[in-house]
Amino acid sequence: MIELRPTDLRQYEYCPRVVFYDHCTPLRRRETAKMAYGKDAHHLERLLEKRRSLRRYDLHQGRRDFDVKLISESLNLSGSCDLAVITSDAVYPVEFKMTKRKPSKGHELQMCAYALLLEEHYMLPCPQGFWHSIGTGYTFVIPFGDKLRLKTLRAIQTIRTFIKDETMPPPTPRRSKCVDCELKNFCGDVV
């Protein structure tokens, strides 16, 4: 079975071909300066988070688990969640993002995949997650309703199918994304 990561879902929503190239080709992408900067910002955010209350999440009590390694054999999904806040009756994923933008549909899929993993790992419900913009300091609530859960599970299945069949999916319909893509040289049908 093909093991996917929650980040594959974010990439899939951005452009399915990114996931195809990651899983079906020997192509290895180098870390960019932006990626390195993001890692440093994540590290600093984790240090600061340890000193904060849970008020930004509208929670009064809970335990914080950082960099939670998650594996699900039933979903065949694995990943590392930036932060899980565990209360007596629920678990909440928190993702730190180095951006000033609002969460995208891809981020919602990624967060929902973490919710599914956390529910299995902690055996607690995961009603919502928190997506924190390091750039603005604002935290967005991502509710994990039935519609998003179904969309996430369908995306996982679609990704597995094109990887298993080694069939390149169509490119993103928004060609403006292709302009700065580090993989655009591999998409011969995109101009």
Side-chain angles (χ1 to χ4, degrees), residues 3-14 18-19 31-32 34-156 159:
E3 187 170 290
L4 299 178
R5 305 168 301 252
T7 55
D8 289 329
L9 294 163
R10 186 187 76 235
Q11 296 288 17
Y12 167 77
E13 185 68 25
Y14 185 80
V18 174
V19 182
E31 184 177 85
T32 64
K34 187 176 178 182
M35 290 174 182
Y37 180 70
K39 282 184 182 179
D40 291 343
H42 266 77
H43 178 71
L44 178 59
E45 194 65 30
R46 285 184 191 106
L47 293 174
L48 294 171
E49 182 69 28
K50 290 177 182 179
R51 299 178 3 200
R52 294 180 177 138
S53 73
L54 295 172
R55 187 175 60 196
R56 86 166 34 162
Y57 312 121
D58 201 23
L59 298 171
H60 303 293
Q61 55 84 25
R63 180 182 89 231
R64 288 182 175 97
D65 288 352
F66 290 90
D67 299 316
V68 183
K69 306 289 185 244
L70 301 162
I71 298 172
S72 169
E73 289 184 22
S74 64
L75 293 168
N76 213 16
L77 194 64
S78 68
S80 182
C81 184
D82 290 344
L83 170 64
V85 178
I86 302 95
T87 67
S88 59
D89 58 352
V91 60
Y92 305 90
V94 179
E95 278 292 298
F96 303 114
K97 296 296 181 185
M98 193 59 226
T99 184
K100 292 185 178 180
R101 296 180 182 172
K102 292 181 179 182
S104 67
K105 297 293 182 193
H107 290 120
E108 290 177 4
L109 288 175
Q110 178 185 10
M111 292 286 297
C112 190
Y114 282 126
L116 297 171
L117 287 165
L118 288 168
E119 284 177 335
E120 191 173 305
H121 183 78
Y122 289 101
M123 304 293 284
L124 288 168
C126 186
Q128 65 188 26
F130 305 98
W131 189 92
H132 179 73
S133 166
I134 297 171
T136 64
Y138 190 77
T139 302
F140 295 85
V141 175
I142 309 287
F144 302 126
D146 293 339
K147 188 176 177 180
L148 180 58
R149 288 171 182 268
L150 183 58
K151 184 177 179 182
T152 302
L153 292 171
R154 283 183 178 155
I156 290 169
I159 294 167

Counting C-beta onward and ignoring hydrogens, is there a side-chain heavy-atom pair between [X] and [Y] closer than 4.5 Å?
| X | Y | answer |
| --- | --- | --- |
| Cys81 | Leu117 | no |
| Thr152 | Phe144 | no |
| Glu120 | Leu70 | no |
| Tyr122 | Val68 | yes |
| His60 | Leu54 | no |
| Leu148 | Pro143 | no |
| Glu49 | Arg56 | yes |
| Arg10 | Leu109 | no |

Are more than 12 heavy atoms from other residues, nucleotides or ligands located less than 6.0 Å from atom [atom1] of [X]?
| X | atom1 | value |
| --- | --- | --- |
| Tyr138 | OH | no |
| Glu73 | CD | no |
| Arg154 | CZ | no |
| Arg101 | CZ | no |

So does [Y] get a backbone contact from the side chain of [X], meaning a donor-acceptor N/O pair under 3.5 Å?
| X | Y | result |
| --- | --- | --- |
| Ser133 | Thr99 | yes |
| Glu95 | Asp82 | yes |
| Tyr114 | Ser80 | yes |
| Arg149 | Cys112 | no |

Which atom names give the shortest non-hydrogen contact between [X] and [Y], and what distance separates them?
| X | Y | value |
| --- | --- | --- |
| Pro93 | Leu118 | CB-CD1, 3.4 Å |
| Gln61 | Thr87 | O-CG2, 3.3 Å |
| Leu124 | Ala90 | CD1-O, 3.8 Å |
| Pro6 | Gly79 | CD-CA, 4.0 Å |
| Leu59 | Val85 | CD1-CG1, 3.7 Å |
| Tyr12 | Val19 | N-CG2, 3.5 Å |

Inter-residue atom distance [X].[atom1] - [Y].[atom2], 0.5 Å rounding:
| X | Y | atom1 | atom2 | answer |
| --- | --- | --- | --- | --- |
| Arg55 | Thr139 | CZ | OG1 | 11.5 Å |
| Leu116 | Leu75 | CG | CG | 6.0 Å |
| Ile71 | Lys69 | CD1 | NZ | 10.0 Å |
| Thr136 | Lys100 | OG1 | NZ | 8.5 Å |
| Tyr57 | Gln128 | OH | CD | 12.0 Å |
| Asp8 | Glu3 | CG | CD | 10.0 Å |

**Item:** Under-4.0 Å salt bridge between Glu45 and Arg52
**Value:**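 Salt bridge flag = yes for Arg52 with Glu45.
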**Item:** Lys147/Glu108 salt bridge by N-O under 4.0 Å criterion
**Value:** no
**Item:** Lys102 NZ/CZ over Phe140 ring centroid, <6.0 Å and within 45° of normal
**Value:**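 Relative to the ring axis of Phe140, which defines the angle, Lys102 lies outside at least one limit.
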**Message:** With no hydrogens and no angle check, just 3.5 Å: does a side-chain donor-acceptor pair link Ser104 and Glu13?
**Reply:** no
**Request:** Could you check whether the rings of Tyr92 and Phe130 sit parallel, tilted or perpendicular, using 30° and 60° as the cut-offs?
**Result:** tilted
